[in-house]
Amino acid sequence: MSSRDGTEESSTECEVKRPKLVPLRGVPMPDIFLENWEAVESFQADPQDLLIATYPKAGTTWVQEIVDFILQDGDPERCRRAPIHSRIPYLEFNIPGHTPSGTELLAKLPSPKVIKTHLPFQLLPRSFLDQKCKIIYCARNAKDNLVSFFFFDLMNKVQPEPGSWEEYFHKFLQGNVSYGLWHDHVLGWWVNKDKYPILYIFYEDIKENPKQEILKIMRFLGKELPDAIVDRIVHHTSFQSMKANPMSNYSTVPANVFDRTMSTFMRKGVVGDWKNYFTVTQDEAFNSDYEQRMQGSDLQFRTEL
Ligand code: PPS
């Protein structure tokens with residue numbers, strides 16, 4: 001299914017039906033993903049596997065590309081071997097009858113594998129923790145995360161219909177979106193980060209100082225590379241480079257899944273875009289809700305740089 005030349009992958013061109021959200025142990029999930037849940041839950045990780053976990057739209061692809069560049073010693077040709085979603089499969093992804101599921105793709109990859117997930121900590125297949133797999137969790141401030149998720153749900157036909165911006169704003173605050181409440185997700189991983197080998201990083205930090213964060217990831221992976229290679233990784237994983245690269249910009253996903261007349265995957269890639277969408281009333285409502293939900297936690301985010 002992977003196309004190396006940037007043309008669209010050959011998936012069944014029939015119309016994709018937007019899924020419904022169905023609660024899985026209280027967490028709203030696309031119903032189509034749950035059709036493969038048994039395979040996800042029983043997934044057997046290898047101790048050397050690396051997991052990249054995020055709430056959707058928090059910088060997953062960016063961290064995936066950085067990790068692949070580190071593991072490929074900064075070689076851009078090797079990182080162009082396949083689209084990012086084939087190089088680092090998305091564990092719980094499942095569109096029956098269209099493309100292979102995440103677990104099917106993973107079954108074909110040799111170990112050690114790098115795996116993407118958006119699952120909240122409590123839904124993570126037990127094997128990752130039992131095998132003490134290294135996990136990188138990347139979090140993004142809720143306001144920009146919300147805006148990015150709204151535009152993604154507009155374009156992505158395998159997400160429920162987002163409705164208007166105002167409607168979506170309330171859905172997000174109620175946790176009535178795929179993977180549930182942002183607050184529960186970031187806090188769930190935060191409180192467990194010291195009990196397991198979890199590197200907890202922030203989108204805003206990578207944006208502010210990519211080299212420093214890339215070095216942090218390298219240290220976590222036990223990898224050393226010459227400074228010139230690290231600079232090359234900074235260059236190739238910049239927003240501009242990734243946006244221009246068909247192997248990292250999701251342009252190979254067919255138009256019946258990603259409707260690019262609505263938005264693009266590599267949309268803006270900035271911190272503070274929420275200011276272009278939040279009304280004053282929404283901002284006030286957001287802040288008071290945020291204060292309550294995050295109360296008592298030392299987890300801090302930056303909404304501007
Ligand atoms: S997904 O579908 O959940 O895997 O999406 P995810 O990759 O987590 O998030 C997509 C957003 O991340 C931005 N992005 C980047 N920002 C800065 N630099 C780089 N290199 C980069 N790569 C991806 C992408 O543009 C989406 O954010 P928005 O705000 O929508 O632009």
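Taking the ring centroids of Phe121 and Trp190, they lie at or beyond the 6.0 Å cut-off. Tyr250 has its ring centre less than 6.0 Å from the ring centre of His85.
With sequence neighbours left out, Phe239 forms a ring pair (Phe, Tyr, Trp, His ring centres under 6.0 Å) with no residue at all. Contacts of Gln64 classified as side chain to side chain donor-acceptor pair (under 3.5 Å), with partners at least two apart in sequence or in another chain: none. Legend: residues meeting side chain to side chain donor-acceptor pair (under 3.5 Å) with Thr117, ordered by chain and number and at least two apart, are Glu92.
Using a 30° and 60° split on the angle between ring planes, Phe150 and Tyr168 fall in the tilted class, from 30° to 60°. Using cut-offs of 30° and 60° for the angle between ring planes, the His185 and Tyr55 rings count as perpendicular. Using cut-offs of 30° and 60° on the angle between ring planes, the pair His118 and Tyr179 is perpendicular. Taking the six-membered ring where the residue is Trp, Phe152 and Phe149 present tilted rings, their angle falling between 30° and 60°.
With a 6.0 Å cutoff to the six-membered ring centre and a 45° limit on the axis angle, Lys132 does not count as a cation-pi contact of Tyr196. Cation-pi geometry between Lys57 and Phe265 is satisfied (NZ or CZ under 6.0 Å from the ring centre, within 45° of the ring normal).
Residues Leu106 and Ile115 meet the side-chain proximity criterion, which asks for heavy atoms closer than 4.5 Å.
Look at Arg267 and Asp273 and you find a salt bridge, because one of the NZ, NE, NH1 or NH2 atoms lies within 4.0 Å of a carboxylate O, short of that distance.
When all heavy atoms of Tyr200 and Val186 are compared, the pair lying nearest together is OH-O, 2.8 Å. Here the shortest heavy-atom pairing between Phe43 and Ser127 reads O-CB, 3.2 Å.
Among Asp184, Leu124, Thr54, Leu119, the one residue that satisfies the side-chain contact (heavy atoms from CB on, under 4.5 Å) test with Trp189 is Leu124.
Side chains of Gln159 and Ser178: a donor-acceptor N/O pair is present below 3.5 angstrom, by distance only.
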